[in-house]
Amino acid sequence: MENNTDNISAIQTTEVLEKPESQLREMWASLISNKGAVAGLIIIAILTFVAIFGKWLMPYDPNYSDMAISFQPPSTAHWFGTDQLGRDIFSRIIDGTHISLTVGLSAVAISLTIGTILGAVAGYRGGKTDAVIMRFMDMMLAIPSILLAIAFMAALGKGIDKAVIAIGLVSIPEYARIVRGCILSVKENDYVQAAKVVGNKDVRIVFKHIVPNILSSIVVRATLGISTAVLDTSALGFLGLGVQPPFAEWGDMLGRARGFIFSAPHTLVFPGIAITITVLAFNLLGDGLRDALDPKSRKI
Amino acid sequence: MLKYIIKRLLMLIPVLIGVSIIVFVIMRVFSPDPAPIVLGQHATVEMANAWREVNGLNAPLHIQYFNFIKGVITGDLGHSYYTKTPVLEEIFARFPATIELAVSSILFASLFGIIIGAISAVKKNSVFDSAGMVTALIGVSMPIFWLGIILIIIFSGTLHILPSGGRADPLLQPATVTGFFLIDSLLTGNLQSFADTLVHLILPSCALGMYSMAIIARMTRSSMLETLEQDYIRTARAKGVTEGRVIRRHALRNALIPIVTVIGLQFGSLLGGAVLTETVFSWPGIGAYTVNCILKSDFPVVQGVVMLVAITFVIINLIVDVIYAFLDPRIKYSKKEA
Amino acid sequence: MNTVKRVFCVVLATVLLCLTFTACGSRQQSPTQASTDTLIFAQGAEPRGLDPALVDDGESSKVIVNIYEGLLKYAKDSTKLEPCLAESWDVSKDGLTYTFHLRKGVKFHDGTDFNAEAVKFNIERQMKGKATQDMSYADFVYGYVTKVEAVDEYTVVITLKDVCTPFLYNLAMSIAAPMVSPKALQDNNNNVNEHPVGTGPYKFVRWDKDQAVVLVRNDDYWGEKAKTKNVIFKIIKDNSARVVALNNGEVDMIDGIDATVVDQITKAGNVVDQPDGMNINYMAYNTTSPIFSKPENRKAFSQAINVPELVKSLYQGYASPADSILPSFVPGFAKDVKQVAYDPEAAKAALAKAGITSVHMITYSNPRPYNTATGQALAEAVQGYLSKVGVTCNIEVFDWTTYKQKIKAGDYDICFYGWTGDNGDPDNFMALLSDKDPTMNVARYDNPQYNELIAKGKATPEGPERDDIYAQLEKIQADQNPWLLVSHSKLLSAYSPKVQGYYYHVTGNVFLSGMSKNK
């Protein structure tokens with residue numbers, strides 16, 4: 001896993017005092033004026049379309065192997081060529097879109113949910129609860145996430161569901177930290193104090209007043225998190241720990257093409273490009289969101 | 001400051017205990033039984049059982065954990081199941097290789113990252129700026145292992161100018177003093193070996209450092225831009241200080257503070273990225289070795305490595321925080337965690 | 001402000017460093033390329049260790065055969081037995097007592113004498129009771145031995161508890177059988193994994209973990225001394241990187257390659273060597289499962305798969321479709337045995353009649369010596385054929401360790417496996433189908449007639465009578481189809497044309513002492 005502590009976003013726990021709705025609207029306006037973010041959005045829209053309707057776009061069954069035509073270079077019949085088992089790489093790349101997006105989104109959903117809850121509880125309750133939760137997060141952060149994910153996969157076995165769990169679990173601490181940070185800065189605001197005085201329940205305060213306010217930082221983090229999750233999935237696949245066959249997963253395709261880099265380089269080029277484009281799109285969108293969120297960087 | 005450092009070092013203890021429990025549970029409870037792989041093609045069920053008995057794997061879990069902790073305290077991490085060599089020996093035969101790679105990657109990343117970022121900031125919105133930032137964006141989006149393979153194809157497979165992998169030519173390897181080839185070759189005055197080691201470092205450092213370089217470039221650009229808008233820069237300009245001097249003496253200097261932090265953070269994450277780079281470049285480091293040991297269920301080694309990496313990671317974080325405080329006197333460490 | 005200066009110094013130093021980088025980069029020439037007194041062999045994984053009693057892998061044994069020797073050895077191009085540290089041997093009439101006459105004047109690398117006591121020490125170290133649990137081949141090689149006596153300085157008498165014709169073959173193996181200096185074993189706590197001392201043509205110098213094992217010529221060798229002074233076994237894990245290293249002249253010989261890189265290697269002017277290997281790659285039907293307990297279902301599945309076509313595309317001609325379990329150079333090989341022929345129509349009809357629409361398949365993710373394309377690729381190819389006759393396969397893939405556990409658990413209809421011969425004896429292959437251990441006999445096949453013949457083969461002395469027993473066993477397999485035989489893979493290795501006298505033994509070992517290198 002490439003790097004988690006990237007970018008500045010972790011450092012800037014932006015002061016978010018405006019009303020959430022107007023803030024989101026403003027974010028959107030700023031977002032669509034950002035060329036990179038728009039490009040990212042368009043790519044993501046295309047990828048999503050391909051992931052959903054891919055079945056009808058594929059020229060061939062992605063898992064149909066015809067040993068008589070293995071390792072064909074790109075041609076009009078097979079745009080991206082065929083792999084070792086004579087399967088159409090173009091169809092497999094399309095098929096892989098579905099897996100990469102599913103794993104990326106679900107893994108982020110897991111880490112986001114658990115991380116937000118843990119971070120919110122820690123930040124809001126403070127004291128011992130805070131200490132216990134955050135120490136546990138520190139422990140997880142002290143183990144490189146890829147080793148942790150590999151160990152999880154080795155223990156759980158191959159499979160999309162397991163990859164989702166492994167990748168989701170290892171990035172929980174990031175979200176917990178961000179949410180806790182945001183909560184600490186929001187908690188002392190007047191309207192939260194007021195709500196407390198009026199006698200609202202803790203849970204209600206957290207969800208009604210605090211969560212909407214930290215939403216924007218989380219959205220940024222989660223968007224960038226998807227790109228990390230896609231990279232992580234491909235890394236696991238590359239190491240041979242990804243999905244069960246015959247599913248097409250980009251990293252897995254790359255890992256298996258690795259033995260043929262000279263005899264059949266096309267088997268290696270296209271999955272790599274697919275991963276890069278997907279990650280790039282989410283990075284562009286994430287950057288755009290961050291700029292939109294942070295007026296200071298918007299100027300630049 | 002000293003008090004703060006001591007406090008942080010003391011906090012290492014609960015973290016390490018926690019880490020040891022996490023690893024222990026993942027490995028011993030969920031991982032496959034190591035006996036079949038250790039015993040090989042002819043292993044029978046009885047042989048496997050006897051082997052587990054001797055290695056204490058039939059004992060209840062809490063006893064196993066207790067034995068492990070007892071070992072850690074007395075400095076005995078046990079022997080690798082697979083090679084029967086003491087774990088510490090296995091680790092220290094490989095750890096310097098990983099550190100050397102990580103350090104050289106971070107140097108590569110900082111150097112080019114700062115240069116690209118600084119020029120992009122100064123020539124804002126120029127062709128160079130766009131090109132630099134697009135490169136940086138692609139840099140953070142490419143899988144490390146893919147980049148590594150592409151580099152091998154280009155520089156080793158096609159142009160034949162750089163070695164495809166490994167750490168040094170076996171015959172040119174310097175005598176072992178510290179385990180770091182660059183230092184060892186200089187200590188023994190073996191310049192040919194120094195050059196050979198450098199050549200072997202180029203491709204893996206580029207592959208591993210690319211991501212960090214991209215991050216550092218972007219960080220440098222944005223923090224330089226911010227600094228360039230500060231009042232004192234305007235004042236300096238107004239006073240007629242030359243533009244080059246303004247940038248070098250004032251803008252870059254102040255922009256360095258957040259950059260140093262990012263560099264420190266990157267260093268920690270490089271230890272993780274090393275796993276993939278080492279696999280692609282046959283680098284004899286700890287990362288690829290650990291993956292192998294995880295897949296072979298070599299419990300003592302995995303436990304040892306993870307503990308060591310956790311310690312390294314925490315210490316690097318501490319160093320980053322201390323440097324940060326050192327560079328920016330506004331920051332004072334209170335009782336709150338950093 | 002000093003801080004800033006310091007930071008700039010660091011940056012400046014880095015610039016200089018990087019300039020050096022690029023400067024050396026362009027004109028670097030590997031010095032080992034030029035030297036003719038060093039042979040470099042690149043292999044794909046690190047040896048597990050260098051103590052013959054403690055290892056079980058090919059990567060270790062490649063190094064071991066250059067440091068150590070056993071009482072017997074194999075001929076250059078087959079598994080025929082030849083004398084080595086034992087000059088001759090006699091077997092008693094009842095087949096239970098073996099007398100070995102040892103070569104005189106042989107010394108271990110540490111200067112101690114090789115004699116009857118050393119042989120006794122080496123064998124007793126691995127006998128029941130004394131062997132440690134992780135000596136995985138001890139039982140296989142010495143399990144029948146009840147007593148070892150040093151009659152005089154150069155005569156050893158070994159007594160077996162039962163007749164065992166494969167025993168002599170075992171003594172030529174590169175695992176468990178090579179003789180280790182007793183002194184070294186005593187000095188190193190019965191584990192010479194990192195301090196190997198043998199009698200062979202090369203001596204151990206050092207082992208840089210994950211990098212290289214370095215050996216140097218043994219100038220006191222009893223036989224013909226090695227032609228090249230230094231030998232390096234370099235570890236390059238990535239297959240493609242290993243090919244690049246050969247083509248760039250960084251190494252002289254490589255192995256562990258697959259068919260797809262052959263063109264790349266020959267185009268660069270290097271030579272590919274491809275003798276048949278001592279192995280079998282097969283798919284096993286779980287004969288205890290409801291579907292495959294019926295032989296007719298096994299036959300129908302076998303008919304559905306076009307093995308010759310599959311082998312051709314998967315291994316690109318660097319494996320041959322298997323018609324018998326035994327490779328052709330192993331005694332007992334039967335030429336006239338044929339497996340079920342490809343007949344998808346018949347298969348489709350039979351399967352439709354039996355109402356079989358899906359099967360559960362498990363396989364392994366790693367490449368194996370007998371299946372370089374990985375079990376996953378093989379399973380996917382089989383899946384393709386079966387889908388054409390209306391059967392869907394649920395494939396589960398596991399890494400090798402987990403896979404063995406799944407095999408033991410037995411929850412599968414079909415699994416993939418293979419075998420690399422240990423000692424060149426037919427029993428070593430054929431007995432798999434009668435083994436009681438389900439991790440060996442993965443088809444879980446249990447046929448009393450077959451088991452009886454196996455026992456008979458083990459007790460029959462070498463000769464046509466014994467060969468005939470194994471031919472009968474082959475026939476039973478071909479009729480009953482507990483396995484679908486896939487291929488015998490060739491042993492692919494490659495070397496630079498500068499290397500003279502290269503050969504790769506059928507056991508997967510390289511004996512470097514006869515090789516030399518031209519300028």
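Each chain gets a letter, A, B and so on, in the order its sequence line appears, and its residues count up from 1. Nothing here was measured: the structure is a model prediction, and the numbers come from that model.
- Proximity to chain B (any heavy atom under 4.5 Å) is shown, for C:S60, by neither the backbone nor the side chain.
- Per-residue counts of heavy-atom pairs under 4.5 Å with chain C were compared for B:N55, B:I152, B:V280, B:T85; the largest is that of B:T85.
- Neither the backbone nor the side chain of C:R242 comes within less than 4.5 Å of any heavy atom of chain B.
- For C:D208, the part sitting under 4.5 Å from any heavy atom of chain B is the side chain, from C-beta outward, and nothing else.
- Side chains of C:Q126 and C:V141 form no contact here, defined as non-hydrogen atoms less than 4.5 Å apart.
- A donor-acceptor contact closer than 3.5 angstrom is absent between the side chains of B:S297 and B:S31.
- With a 4.5 angstrom heavy-atom cutoff, C:A245 touches chain B via backbone and side-chain atoms both.
- Contact annotation for B:E53: neither backbone nor side-chain heavy atoms come within less than 4.5 Å of a heavy atom of chain C.
- Applying the side chain to side chain donor-acceptor pair (under 3.5 Å) test to C:N190 and every residue at least two apart in sequence or in another chain returns C:R125.
- With values rounded to the nearest 0.5 angstrom, B:L191 atom CG is found 7.0 Å from B:L186 atom CG.
- Residue B:V38 touches chain C through both its backbone and its side chain, counting heavy-atom pairs closer than 4.5 Å.
- Between C:T38 and C:T228 the shortest side-chain heavy-atom distance does not fall below 4.5 Å.
- The contact between C:I236 and chain B is made by backbone and side chain atoms together, counting heavy-atom distances below 4.5 Å.
- Between B:F112 and B:F108, the angle of the ring planes lies from 30° to 60°, which puts this pair in the tilted group.
- Chosen from C:R206, C:K237, C:Q211, the residue pairing most often with chain B at heavy-atom distances under 4.5 Å is C:Q211.
- By number of non-hydrogen pairs under 4.5 angstrom with chain C, the leading residue of B:S156, B:G285, B:G165 is B:S156.
- Sequence neighbours left out, the pairs with a member in residues 229-254 of chain C that pass ring pair (Phe, Tyr, Trp, His ring centres under 6.0 Å) are C:F41-C:F233.
- Both the backbone and the side chain of C:K209 come within less than 4.5 Å of a heavy atom in chain B.
- Proximity to chain B is absent for every atom of C:Q264, based on heavy atoms less than 4.5 angstrom apart.
- With a 4.5 Å cut-off on non-hydrogen atoms, B:Y81 touches chain C through its backbone but not through its side chain.
- Remark: side-chain polar atoms of C:N441 are paired, donor with acceptor, to backbone N or O of C:D435 under 3.5 angstrom.
- When only modelled atom types and interatomic distance are considered, B:N190 and B:S185 share no side-chain donor-acceptor pair under 3.5 Å.
- Of all the listed residues (C:E46, C:K436, C:R48), the one sharing the greatest number of non-hydrogen pairs under 4.5 Å with chain B is C:R48.
- With hydrogens and angles disregarded, no donor-acceptor distance shorter than 3.5 Å links the side chain of C:Q133 to the backbone of B:A50.
- Among B:A93, B:S282, B:S80, the residue with the largest count of heavy-atom pairs under 4.5 Å with chain C is B:S282.
- Of the two parts of C:D134, the backbone and the side chain both hold a non-hydrogen atom closer than 4.5 Å to a non-hydrogen atom of chain B.
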